[in-house]
Structure formats: C-alpha cells, structure tokens
Amino acid sequence: MSLKLSGEANAEELATLDRLLGDHPEWNARLEAMGEWWTHAAPGSPRLKKGAMQRHLQRLNQSEHLPSRGPRRRRFFLFALGIAASLAGFSFFAYQWQSTSKKPAPAPVATNSVSTKPGSKSKIQLPDGTQVWLNADSRLVYSESFTGAAREVQLCGEAYFDVVKDHRHPFIIHTNAINVLVLGTTLNVRSYANEKNTEAVLIHGSVEVTLNSDPAKKILMKPNDKLVVKNDSRPRLSTPGKPVSSTTEAPRVSLLKAHYKDKDSIATEVLWVKNKLAFDKESLESVALKMERWFNVKVNITEDALKQTEYSGVFEEEALPQVMEALRLTGTFHYSIRRRVVTIRP
C-alpha cells in the first residue's frame, strides 16, 4: 500500500494488492483511511510528507543488508516491511496533523447494539435496508452509519438475516467461530456462547464462510446447506455421504442439509421466526437450552444419562407445562416446575 501511495508500485505489486483486497474486503476501509490521510494530512506542509517518505525509503534500503534465503523470500519481506512502514507513516501523519492543525482527533465510529432478553424476540432494519430477526438472549452490534467497504455486524446468539444485495459492499457476519461473507441472501446464523456448536443455514443465495480457527479455509454454501462447527474444535470437514468411522474423532466441521418437516414448509431450523419452538432430533440437553431462552426459565437435568436422549417436535403458542408434558409422554423422565425452575429427573 505504501508503494502504491508513493507511486512506486509496479504492475505486479498492484495486482498483488488487488488480489489481497479481494481476499480480505474487510481491509478496504482501513486502507481507504490511509489513502485519505496520505492525500489530505497536514495541508500546506509538504516537508512532512517528504520526510516521512524518506524515512520509509530508508527502511526499505536497510532491508537490503539483511540475510536472505532467495529472491522470493526477500521480495516478500520487502513487501511486508513496506506495509509496516506505511502503517508507521500513517500514525506519523495522524500525529502531525493533529499537532499542527490543533484539531481534535476523529471521533471513534459509533456503534449500535440491539439485545433481546430470554423469552423475547425482536425484528430490526439495518441502515442498508437489511431485515434481521433476533432470537431470544441474543445481541447484534453494527456501526451507526453502516458505511465503508463492507457492511459488518457482530452476532452473539441467533439471528435470521434477509440481506439487501450490494455487490460493491459485501455483508459480513462475525461470530466467535465463523465469519460469513454475504452479497445478498437469506440465512440463519446460530452462535450462542454456551452451546457446543455454531450453525449457519442458507435459505436463498450463496455465502462464503471462513473459520476463525483456520482463516485460509473457505466453505461455499448453497441453498438448503447447513454448516455445523464445533466451538471447541479444530477444523476438519465432513460432507454427506462420507460418514466418519466410529474409531476416529467426530468431524469438527460438518456440511449437512437443512431439515424440512413438510414439502412446502420452511426449514425446521428457522421456524422460530414464525414463533414456533422446534426440536429436530436434538438431545434433551440442547432442548433444555432452547426452552430456557424461549420461556425465560432455568432447566436442571439431574442425571447425565438423560441429557443425550433425542427429541423432535414443533410447538406453536403452547405454554411451558404443555411442552414439558408432551416431551414427557415421548420420553422416559419426570419433571417438576416451581416458579421459574424446571427440574427433570428419571
């Protein structure tokens, strides 16, 4: 970037920069800011720019005396050093501009945070028109202006997104385990801190998912794909039709298919948007977490053996006692409800 700003970058270096920005669209905003500082910082003080450029070139020249293991390795080192020097120059200009002009530093980017409590849901519209349904006990953070090279949000919990198409400004959903790059689509992302898995279900369009534990790995999803990532695991991809042997470790990353109860219904994973509480062959432990958020209660399971029993069902407008009674009739447990605490026992 420093070579481009100074007009010294050749065609190969410019192509490399374009390719890097294509792979990392989230860098665009920062590099645009660097360009703005380079062009407008310290107006009327070209000496500052010249001095900074001279120091930048000195850094590059000094690198010629460092040991090298071949032209490609040295070339890469020079490119990386150029980026570091550019960042140093950017900091220098920021300091000098503030010192000479006596103007206040730019205000930090304002953010909005939308949260839901257990037992409640919310629907919001982002500044670009994207519709977001936020499930219980969830939080969504995004910039107030929602401008820049990419439209980025941070999700903790579960949300259903209907993203407005804008190919020039990709929509990126950040969670603790994955980042989802969207151009315009409908999808559901589930990422609760106290759950074992992070899930993404694509309804329409296409998305590209990267794993925080392995950013180089990119997973392309098609409509009705369901991605499951174990939160406490390293990436290892499994696809339908290729089961993992029982003697090996369970797959860390699984690409499955969304489940539909009926031919024309929506996916079970997103029925919550229609105010339906759904379980699809889920362990009682997972069911308990869903009910805690849905009804704003605490669910205690007294025996570990009960936690792995699987349950399925769809409930619409049923109260907590009705749901518990239906589960009891299909399972092998007893329960009690006292105030806001549910106890499940053999």
Side-chain angles (χ1 to χ4, degrees), residues 118 134-141 152-161 172-182 185 187-203 206-260 267-272 277-294 299-301 303-312:
L134 206 58
N135 205 349
D137 196 21
S138 300
R139 184 176 71 255
L140 187 75
V141 180
E152 300 183 68
V153 300
Q154 182 76 36
L155 172 67
C156 180
E158 184 170 19
Y160 179 87
F161 296 87
I172 303 175
I173 305 166
H174 299 283
T175 74
N176 286 335
I178 62 175
N179 297 313
V180 184
L181 175 63
V182 182
T185 189
L187 75 159
N188 192 81
V189 179
R190 183 181 181 90
S191 179
Y192 284 104
N194 62 342
E195 291 190 349
K196 296 179 179 179
N197 299 328
T198 292
E199 300 180 2
V201 176
L202 182 60
I203 308 302
S206 62
V207 298
E208 179 183 275
V209 180
T210 57
L211 308 175
N212 291 342
S213 59
D214 186 8
K217 182 182 291 295
K218 299 182 186 299
I219 303 170
L220 297 178
M221 295 179 62
K222 299 178 182 179
N224 297 325
D225 278 352
K226 177 180 179 178
L227 181 70
V228 180
V229 180
K230 289 188 176 296
N231 290 331
D232 58 348
S233 56
R234 294 173 296 177
R236 179 167 160 240
L237 189 61
S238 171
T239 55
K242 296 182 179 180
V244 177
S245 170
S246 59
T247 60
T248 63
E249 185 182 3
R252 306 282 187 170
V253 181
S254 300
L255 189 58
L256 311 171
K257 289 296 181 182
H259 187 267
Y260 289 81
T268 302
E269 291 84 355
V270 298
L271 282 174
W272 66 268
L277 177 62
F279 313 125
D280 182 22
K281 297 181 180 179
E282 297 181 44
S283 68
L284 185 59
E285 183 177 28
S286 175
V287 168
L289 288 174
K290 279 191 174 182
M291 289 196 300
E292 285 184 340
R293 299 189 187 100
W294 195 270
V299 180
N300 296 320
I301 304 175
E303 297 287 341
D304 288 343
L306 294 174
K307 295 181 179 180
Q308 302 310 314
T309 306
E310 293 185 345
Y311 293 86
S312 297

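- Between Ser213 and Pro215, the shortest heavy-atom distance links the atoms C-CD, 3.9 Å.
- Remark: side-chain polar atoms of Glu282 are not paired, donor with acceptor, to backbone N or O of Val287 under 3.5 angstrom.
- Leu227 is not listed as a side-chain neighbour of Leu202, based on a closest heavy-atom distance of 4.5 Å or more.
- In plain terms, the two heavy atoms of Pro223 and Lys257 that are nearest each other are O-NZ, 4.3 Å.
- No side-chain heavy atom of Phe161 sits under 4.5 Å from any side-chain heavy atom of Val180.
- Distance check, rounded to the nearest 0.5 Å: NZ of Lys307 to CG of Leu284 gives 9.5 Å.
- Using a cut-off of 4.0 Å between Lys/Arg side-chain N and Asp/Glu carboxylate O, Arg190 and Glu269 are scored as not salt-bridged.
- Rounding to the nearest 0.5 Å gives a distance of 11.5 Å between CD of Glu303 and OG1 of Thr309.
- Evaluation of the side chain to side chain contact (heavy atoms under 4.5 Å, CB included) rule for Ser206 yields no partner, not counting sequence neighbours.
- With sequence neighbours left out, the side chain to side chain contact (heavy atoms under 4.5 Å, CB included) criterion links Glu208 to Leu181, Lys218, Leu220.
- Taking 4.5 Å as the limit, every side-chain heavy atom of Val189 sits out of range of all side-chain heavy atoms of Glu199.
- Rounding to the nearest 0.5 Å gives a distance of 9.0 Å between OH of Tyr260 and OG1 of Thr268.
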**Request:** Assess whether side-chain contact (heavy atoms from CB on, under 4.5 Å) is satisfied between Val207 and Ile173, documenting all intermediate values.
**Result:** CA-CA 11 Å; Val207 298; Ile173 305 166; over 6 Å; no
**Message:** Quick one, Gln308 with Glu285, criterion side-chain contact (heavy atoms from CB on, under 4.5 Å). Give me CA distance, side-chain angles, the key distance, then yes/no.
**Reply:** CA-CA 7 Å; Gln308 302 310 314; Glu285 183 177 28; 3.7 Å; yes
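- Asn212 pairs in a side chain to side chain contact (heavy atoms under 4.5 Å, CB included) with only one of the listed residues (Asn179, Val229, Ile178, Thr198), which is Asn179.
- A salt bridge does not link Glu158 to Arg293: none of the charged side-chain nitrogens sits closer than 4.0 Å to a carboxylate oxygen.
- Considering all non-hydrogen atoms of both residues, Pro118 and Ala136 come closest at CA-CB, 4.3 Å.
- No more than 12 heavy atoms of other residues, nucleotides or ligands sit less than 6.0 Å from atom CG of Asn176.
- Here the straight-line distance linking atom CG of Asp137 with atom NZ of Lys290 works out to 14.0 Å at 0.5 Å rounding.
- Closest approach of Trp294 and Trp272 over heavy atoms only: CZ3-CB, 3.9 Å.
- Leu255 is listed as a side-chain neighbour of Asp225, based on a closest heavy-atom distance under 4.5 Å.
- With Asn135 contributing its side chain and Gly157 its backbone, the two residues share no donor-acceptor pair below 3.5 Å.
- The NE2 atom of His174 sits 12.5 Å away from the OG atom of Ser191 when rounded to the nearest 0.5 Å.
- Met221 and Ala200 get closest at one heavy-atom pair: CE-O, 3.4 Å.
- Between atom CG of residue Leu187 and atom NZ of residue Lys226 there is a gap of 14.0 Å, rounded to the nearest 0.5 Å.
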